[in-house]
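Each remark here refers to the structure printed beneath this line.
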Amino acid sequence: MSAGFGLAHLPYAAVTYAGRELIVVRLGDDVIDLAALASASPPPGVDPAVLATPDLGALMAAGPRVWAAARTWLQDVLASGTSTARIPVAEVVTRMPFAVADFVDFYASLEHASNLGRIFRPDAEPLLPNWRHLPVGYHGRAGTVVASGTPVVRPSGQQRPGPDGRPGFGPSRALDIEAELGFVVGTPSEQGRPVGTDAFADHVFGVTLLNDWSARDIQAWEYVPLGPFLGKSFATSISPWITPLAALDAARVPLPGQDPAPLDYLVVQGPAGYAIDLEVDLNGTAVSRPPYAAMYWSPAQMLAHMTVNGASLRTGDLYGSGTISGSEPNRRGSLLELSWGGTEPFALDDGSTRTYLEDGDTVTLRATAPGADGEVLTLGEVTGTIVG
Ligand code: MN
């Protein structure tokens with residue numbers, strides 16, 4: 001059985017199989033057709049209609065009691081070794097697991113934010129004065145979030161002016177990745193009512209790996225002093241496999257520490273971080289291993305901050321952690337940092353070197369986390385190849 005897909009995990013996906021659109025969980029080398037399993041073994045506390053749909057939207061909207069009931073039902077039925085509703089994973093094609101409502105991306109790694117400050121503003125304090133007081137973020141483009149495997153077309157755009165003062169224009173020469181986790185909102189909230197940090201698990205359905213493709217040359221010219229725009233919005237890739245938040249309970253760890261203490265609405269109780277270890281693979285070379293446990297701001301704090309002004313949540317909202325970077329150079333989650341602003345090329349196993357991505361390059365993000373009962377969870381990977 002494939003490691004990382006045991007009963008402690010059970011990630012959800014939407015797939016096509018024999019011309020039909022199904023939602024499934026993965027168990028080992030198989031997927032389980034949830035509608036078929038519910039017909040054979042009705043799930044207590046779950047309306048089977050939320051399982052007989054082409055994507056995860058209805059189950060996500062059903063809320064935390066239904067998520068828990070579905071997980072208990074699946075673990076009970078599948079522990080008996082039933083062969084009902086099993087399909088080999090190799091015979092299904094994954095699709096976008098849900099319709100993305102709004103997409104927000106944060107900037108929650110102290111190491112990443114500090115590195116970018118050092119690269120872009122070498123003579124100033126690396127961190128801006130607000131950074132330790134709130135999780136900085138921006139609203140991205142939901143319509144260009146794509147499932148793993150979708151080719152990424154190299155974006156064109158304006159670039160910094162040359163000596164004649166006229167901006168350049170053309171394909172990005174500084175195409176980059178950002179290794180992130182994505183948090184998937186299931187339960188909506190009411191406009192005008194902030195969601196507290198203690199309601200994180202009531203609203204967030206699960207977690208996916210996310211690659212926030214970034215064109216650094218376009219970004220560097222367009223975004224000062226406002227937020228990211230066309231340097232980011234051309235594509236964001238997610239894994240089609242959504243790991244249920246409950247599966248990550250065993251991975252919870254305390255945050256590294258927040259100084260100064262955040263305002264009251266950002267205070268979290270208990271371990272709010274996650275011990276999830278990522279790997280960035282570029283054309284078969286593991287170029288970095290970013291540690292999610294090093295993140296300064298937790299996903300519960302990001303959710304509270306995103307709604308503190310009364311902005312509501314919708315089913316299908318997706319928010320990214322921001323680039324995950326650890327303190328050592330081989331734990332940085334972007335090529336911008338790995339090549340230190342494009343000045344220090346790094347080597348791949350095939351003998352070539354890179355600063356930024358070339359046409360034909362394939363980037364795959366992988367991750368593992370501790371699960372219940374000593375199991376290791378393998379998060380579904382997210383991959384994409386650059387097309388010129
Ligand atoms: Mn990002």
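Keep in mind that what you see is a predicted model, and the values were worked out from it rather than measured. Computed from heavy atoms alone, side chains included, the values below leave out hydrogens, waters and symmetry copies.
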Show the nearest heavy-atom pair for residues [X] and [Y], with the distance to one decimal.
X      : Y      : answer
Met302 : Trp297 : CE-O, 4.4 Å
Pro240 : Arg95  : CB-O, 3.7 Å
Arg332 : Ser288 : O-OG, 2.6 Å
Leu335 : Thr355 : CB-O, 3.4 Å
Pro11  : Pro244 : CA-CD, 3.9 Å
Ala142 : Ala101 : CB-O, 3.1 Å

Interatomic spacing from [atom1] in [X] to [atom2] in [Y] - rounded to 0.5 Å:
X      : Y      : atom1 : atom2 : result
Gln159 : Ser172 : CD    : OG    : 6.5 Å
Ile242 : Leu56  : CD1   : CG    : 6.5 Å
Thr307 : Asp317 : OG1   : CG    : 10.5 Å
Arg65  : Asp202 : CZ    : CG    : 9.0 Å
His305 : His133 : NE2   : NE2   : 12.5 Å

Heavy-atom count check: over 12 atoms from other residues, nucleotides or ligands less than 6.0 Å from [X] [atom1]?
X      : atom1 : value
Glu125 : CD    : no
Arg121 : CZ    : yes
Asp264 : CG    : no

Any heavy-atom pair between the side chains of [Y] and [X] that's under 4.5 Å?
X      : Y      : answer
Leu357 : Trp213 : yes
Leu175 : Pro155 : yes
Asp55  : Met60  : no
Tyr296 : Gln258 : yes
Leu78  : Leu10  : yes
Asp29  : Pro88  : no
Phe98  : Thr208 : no
Arg86  : Ile32  : yes

Inset, instruction - Please report the C-alpha distance between Leu318 and Asp102 in whole Å, then the side-chain angles of each, then the deciding distance to 0.1 Å, and finally whether the side chain to side chain contact (heavy atoms under 4.5 Å, CB included) criterion is met. - result: CA-CA 6 Å; Leu318 172 69; Asp102 288 297; over 6 Å; no

Inset, instruction - Decide side chain to side chain donor-acceptor pair (under 3.5 Å) for Ser352 and Arg354; before the verdict, give the C-alpha distance in whole Å, the side-chain angles of both, and the deciding distance to 0.1 Å. - result: CA-CA 7 Å; Ser352 64; Arg354 289 292 183 284; 3.2 Å; yes

Inset, instruction - Assess whether side chain to side chain contact (heavy atoms under 4.5 Å, CB included) is satisfied between Asp212 and Thr323, documenting all intermediate values. - result: CA-CA 8 Å; Asp212 177 25; Thr323 310; 5.8 Å; no

Inset, instruction - Could you tell me how the ring of Tyr274 sits relative to the ring of Phe200: parallel (under 30°), tilted (30 to 60°) or perpendicular (over 60°)? - result: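 Correct class here is tilted.
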
Legend entry - Ring geometry between Phe183 and Tyr292 (parallel below 30°, tilted from 30 to 60°, perpendicular above 60°):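 Rings of Tyr292 and Phe183: tilted, 30 to 60°.
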
Inset, instruction - Give the intermediate values and the outcome of side chain to side chain contact (heavy atoms under 4.5 Å, CB included) for residues Trp67 and Thr187. - result: CA-CA 11 Å; Trp67 307 338; Thr187 319; 3.4 Å; yes

Legend entry - Pair Tyr12 and Phe205, ring centroids less than 6.0 Å apart: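 Centroid separation for Tyr12 and Phe205: below 6.0 Å.
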
Legend entry - Pair Asp30-Phe5, side chain to side chain contact (heavy atoms under 4.5 Å, CB included): steps then yes or no: CA-CA 9 Å; Asp30 293 331; Phe5 299 102; over 6 Å; no

Inset, instruction - Check step by step if salt bridge (charged side-chain N to carboxylate O under 4.0 Å, His left out) holds for Glu178 and Lys232. - result: CA-CA 10 Å; Glu178 293 192 339; Lys232 297 278 192 175; 2.9 Å; yes

Inset, instruction - Taking atom types as modelled, find out whether Asp176 and Ser214 have a side-chain donor-acceptor pair closer than 3.5 angstrom. - result: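 Their side chains do not contain a donor-acceptor pair, so the 3.5 Å distance test is not met.
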
Legend entry - Donor-acceptor pair between Glu337 and Ser325 side chains, under 3.5 angstrom: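 A pair is found: one side chain offers a donor N or O, the other an acceptor, under 3.5 Å apart.
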
Legend entry - Transitive ILVMFWY cluster of Ile218, excluding itself - 4.5 Å side-chain cut-off: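 Cluster partners of Ile218: Phe229, Leu230.
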
Legend entry - Co-members of Ile87 in a cluster of I, L, V, M, F, W and Y side chains, linked at under 4.5 Å: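 Noted: Ile87 shares its cluster with Val15, Tyr17, Leu22, Val24, Val31, Val89, Val92, Trp241.
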
Inset, instruction - I would like to know whether Asp277 and Arg289 meet salt bridge (charged side-chain N to carboxylate O under 4.0 Å, His left out); could you show each step before the answer? - result: CA-CA 7 Å; Asp277 292 322; Arg289 299 183 191 280; over 6 Å; no

Legend entry - Worked check of side chain to side chain donor-acceptor pair (under 3.5 Å) between His9 and Glu375: CA-CA 8 Å; His9 192 184; Glu375 273 190 37; over 6 Å; no

